[in-house]
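To start, the structure itself, in structure tokens.
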Amino acid sequence: MEEVRVRFPPSPTGYLHIGGARTAIYNWLFAQKTGGKFVLRIEDTDIERSTEDSIKGILDGLEWLGITWDEGPYFQSAFANDHRRAAQKLVEIGDAYKCFCTQEELEQKREGAKKRKEDYHYDGTCRNLSADEVARLEAEARPYVIRFKVVRGPGGVVFQDAVYGVIEKRYRDIEDFVILRSDGSPLYVLSNAVDDIRDRITHVIRGQDHLANTPKQIMIYEALGEKLPRFAHMPLTLDPQKRKISKRAHGEVVSVQYYRERGFLPWALVNFLVLLGWSTSDNREIFSKEELIEAFSLEGINRANSVFDIRKDDPKFFTDPKAISINAHYLRTIKVEDLLPYVEAEMKAAGSWDPAFGTEKKSWFASTVDLIRSRYHTTKDFVNLGRCYFADDFPIEDKVLRKNILKHENLKLWLPLTADRLEVLEEFRVELIERVIRDLADELDVKAGILINGARAAVTGQAAGPGLFEVLAAVGKERVLKRLREVPKLYEE
RNA sequence: GGUCCCAUCGUCUAGUGGUCUAGGAUAUCGGCCUCUCACGCCGAAGACACGGGUUCGAGUCCCGUUGGGACUGCCA
């Protein structure tokens with residue numbers, strides 16, 4: 001059987017955005033699934049808009065996501081000769097022709113048609129130029145483009161899309177489209193097809209926005225006498241207003257980089273993205289890499305566009321809530337060892353990493369991460385909300401201070417007293433800590449909750465967190481005692 | 001405007017003529033757990049765009065309407 005070859009051809013005009021990432025993911029999954037090859041091809045034909053930074057951003061983004069390619073990156077600009085040759089060949093075999101119409105002329109015709117409310121197609125002025133006329137115009141050094149000669153007559157292009165089924169387009173609805181500019185550079189519709197032919201692409205998996213272009217590319221394939229690849233168009237990702245998402249209109253929130261910076265686990269993003277327009281019949285939503293490769297199929301791709309539910313002005317969510325929930329799911333369920341490197345990287349970036357966390361304090365670090373992770377949504381939370389566990393200076397939330405400490409005047413004495421009682425513990429273990437605190441509450445004749453919540457506020461600065469006794473054990477005796485004994489100062493400010 | 005594509009809870013979706021008084025996930029709300037907040041568990045609310053057909057029977061097939069999207073460039 002023929003080897004499957006798929007490709008991802010981003011144009012480097014901005015950083016990798018989630019729509020592109022999703023396309024890459026689908027292609028990559030299909031290659032993994034079929035044992036095929038995944039080719040990365042940078043379509044930098046539009047040199048004006050292509051930048052080095054952008055290329056780097058795309059490669060970095062894919063790498064971060066764990067989307068690996070087998071060939072490339074190839075650069076489309078390196079194959080301009082192939083494209084020109086193909087255009088030349090099409091002219092020679094009579095499937096394309098030189099068109100000397102100027103852009104101004106065409107613009108006028110377009111305008112005219114628009115005024116008369118007619119739909120405009122190139123009128124074929126140069127389609128039937130005689131060889132002599134062509135020679136004469138060329139002798140005058142008149143610039144020309146090359147247009148593909150679309151069949152004039154009944155019938156059309158018919159193809160079977162793996163997602164959308166049979167797609168038909170009549171020839172009369174397709175104009176003689178330009179395949180080579182007057183400066184000799186190729187247009188997307190040509191270069192993309194020629195590159196796919198050269199790269200022996202067997203399956204073209206791309207966004208539905210290319211569906212309308214596909215008949216043109218099929219005509220090119222056929223004119224060139226090449227075997228057609230299979231086409232699979234995937235639905236687009238829209239914003240909540242149903243607009244196609246774009247870096248320009250939506251900014252950072254649609255870039256892969258944004259999720260990296262906001263503390264997403266790469267696989268969680270992949271898992272979320274793959275669900276935008278694809279599903280299994282059993283409706284599973286969480287997949288390991290192996291499971292996803294196993295489960296993926298072109299048949300599972302949906303036809304309807306999906307909405308990426310950006311909650312831009314929602315203080316509670318910085319992106320689609322489902323993306324966050326999937327990230328949080330991974331954060332609390334993957335093996336702690338697997339999570340540690342991400343937390344470490346995050347803390348290093350924030351300057352709060354202690355090298356000892358990776359050596360003699362490693363097991364303490366791991367168990368502390370494990371203790372707190374179930375209520376975190378991103379790896380960022382470990383450096384912010386988790387600061388009280390990993391550093392000595394940490395903020396005490398105002399509201400918490402008032403409600404859990406200041407409100408109870410006695411805590412000024414009781415919390416330092418708690419410290420005294422804890423100090424005698426030989427082993428700073430959860431059960432022993434709990435015993436001490438509950439006994440003290442009885443002795444003082446207060447509800448344990450008062451002492452517990454007060455201690456939590458003093459030790460973590462937060463109202464919410466794991467069980468207080470676990471928290472104290474994790475923070476450690478020395479630091480707990482210090483924090484409890486500093487409580488009286490809190491009353492002074 | 002023309003061509004093509006699409007249409008199930010707010011969002012992601014299951015559903016391929018009867019088992020759909022439409023299932024799951026997420027978000028929302030309530031409860032349990034509890035020292036708090038999460039997690040977890042239990043529960044509530046929430047959708048087949050509309051109208052015609054076809055059929056004994058339609059979310060599922062057909063047509064139309066409406067709505068949305070893509071393409072319509074010497075961008076990719």
Side-chain angles (χ1 to χ4, degrees), chain A residues 9-13 43-46 48-50 76 99 101-103 106-107 110 113-114 117-121 143-147 161 164-165 167-170 172-175 177-183 185-189 191-192 207-215 233 235-236 238 240 242-244 272 275-286 302-309 311 316-317 320-326 328-329 332-333 372-377 400 404 434 437-438 441 447-453 455-457 462-469 471:
Chain A
S11 78
T13 54
E43 302 213 326
D44 56 348
T45 308
D46 186 0
E48 301 270 308
R49 299 200 300 156
S50 298
Q76 187 168 65
C99 169
C101 298
T102 65
Q103 293 197 56
L106 297 174
E107 192 52 42
R110 246 194 299 273
K114 203 175 169 185
K117 301 221 185 230
E118 288 166 10
D119 48 310
Y120 174 79
H121 274 332
Y144 63 86
V145 299
I146 292 181
R147 285 183 184 273
D161 188 271
Y164 287 93
I167 304 289
E168 260 183 280
K169 183 117 171 168
R170 288 170 310 211
R172 45 178 267 224
D173 292 323
I174 310 173
E175 69 173 347
F177 52 95
V178 177
I179 55 177
L180 202 73
R181 293 190 189 86
S182 49
D183 68 358
S185 63
L187 269 92
Y188 167 79
V189 71
S191 52
N192 188 262
Q208 194 228 70
D209 47 346
H210 293 281
L211 196 55
N213 266 326
T214 305
H233 287 88
L236 265 20
L238 276 21
K242 302 278 175 77
R243 291 174 309 182
K244 185 176 160 184
F272 167 73
L275 257 19
L276 239 41
W278 172 84
S279 62
T280 55
S281 52
D282 62 359
N283 233 334
R284 252 188 319 156
E285 305 211 299
I286 300 294
N302 203 245
R303 275 178 283 274
N305 292 339
S306 54
V307 171
F308 179 49
D309 194 14
R311 302 276 189 97
K316 199 169 169 191
F317 305 100
D320 191 316
K322 191 147 191 169
I324 295 177
S325 96
I326 288 175
H329 172 89
R332 66 176 177 265
T333 55
I372 58 184
R373 64 174 168 161
S374 79
R375 66 218 81 211
Y376 291 173
H377 293 153
V400 176
N404 291 339
E434 172 160 14
I437 292 184
R438 291 203 185 277
K447 279 194 290 186
I450 301 289
L451 235 41
I452 288 171
N453 288 325
R456 185 195 314 285
Q462 296 158 5
L468 189 261
F469 313 116
V471 168

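Proteins come first, then strands; the chains are lettered A, B, ... in the order of their sequence lines, and each starts at number 1. Scope of the values below: all heavy atoms of this structure, side chains included, with no hydrogens, waters or symmetry mates.
Among the atoms of the strands shown, base atoms are found under 4.0 Å from some heavy atom of L468(A). Counting non-hydrogen atoms under 4.0 angstrom, P466(A) reaches a base of the nucleic acid. Within the 4.0 angstrom heavy-atom criterion, no nucleotide atom of any strand lies near A448(A).
Two rings, from F317(A) and H377(A), have their centers 6.0 Å or more apart.
Per the geometry, CZ belonging to R303(A) stands 19 Å off P belonging to A70(B), to the nearest Å. The CG atom of N305(A) sits 13 Å away from the C1' atom of C4(B) (whole-angstrom rounding). Rounded to an integer number of Å, the gap from L236(A) CG to A76(B) C1' is 14 Å. The CZ atom of F317(A) sits 16 Å away from the P atom of C12(B) (whole-angstrom rounding). Atom CZ in R311(A) sits about 6 Å away from atom C1' in A27(B), given to the nearest Å. In this structure, CD1 of I326(A) is placed 12 Å from C1' of U11(B), rounded to the nearest angstrom.
In this structure, D309(A) and P321(A) have side chains that are in contact, with non-hydrogen atoms separated by less than 4.5 Å. Side-chain contact between R147(A) and I179(A): absent, with no pair of heavy atoms (C-beta onward) separated by less than 4.5 Å.
Here the closest non-hydrogen pair linking Y164(A) and P235(A) is OH-CA, 3.7 Å.
Between the side chain of R375(A) and the base of C37(B), a donor-acceptor pair under 3.5 Å is found. Interface remark: the S374(A) side chain does form a donor-acceptor pair with the A38(B) base, using a distance-only criterion of under 3.5 Å. For E285(A) against G24(B), a side-chain-to-base donor-acceptor contact under 3.5 Å is present. A donor and an acceptor atom never sit less than 3.5 Å apart when one is taken from the side chain of K169(A) and the other from the base of C4(B). For a distance-only test at 3.5 Å, the side chain of R456(A) qualifies as a donor-acceptor partner of the base of C35(B). A donor-acceptor contact under 3.5 angstrom links the side-chain atoms of S182(A) to the base of C74(B).
Out of C12(B), A76(B), C71(B), the shortest distance to the side chain of L275(A) is found at C12(B). With U11(B), C39(B), A76(B) as the candidates, the nucleotide lying closest to the side chain of R181(A) is A76(B). Nearest nucleotide to the V307(A) side chain, out of C74(B), C12(B), A70(B): C12(B). Here the side chain of R438(A) is nearest to one of C6(B), A76(B), C35(B), namely C35(B). Among U26(B), G24(B), A76(B), the nucleotide with an atom closest to any side-chain atom of N283(A) is G24(B). When distances run from any side-chain atom of D173(A) to the nucleotides A70(B), C35(B), U3(B), the shortest one goes to U3(B).
Within the structure, every side-chain polar atom (N or O) of K114(A) is placed at least 4.0 Å from both OP1 and OP2 of G2(B). Between K244(A) and the phosphate of C71(B), there is a side-chain N or O to OP1/OP2 separation shorter than 4.0 Å. At G40(B), one or more side-chain N or O atoms of R332(A) fall inside 4.0 Å of OP1 or OP2 (strictly under the cut-off). Within the structure, a side-chain polar atom (N or O) of N302(A) is placed less than 4.0 Å from OP1 or OP2 of A14(B). For A14(B), neither phosphate oxygen OP1 nor OP2 lies less than 4.0 angstrom from any side-chain nitrogen or oxygen of S281(A).
To the nearest whole angstrom, the two P atoms, one in C35(B) and one in U21(B), are 45 Å apart.
The residue among P235(A) and L238(A) whose nearest nucleotide of RNA chain B lies closer to the 5′ end is P235(A).
Donor-acceptor pairing under 3.5 Å is recorded for the side chains of H233(A) and T214(A).
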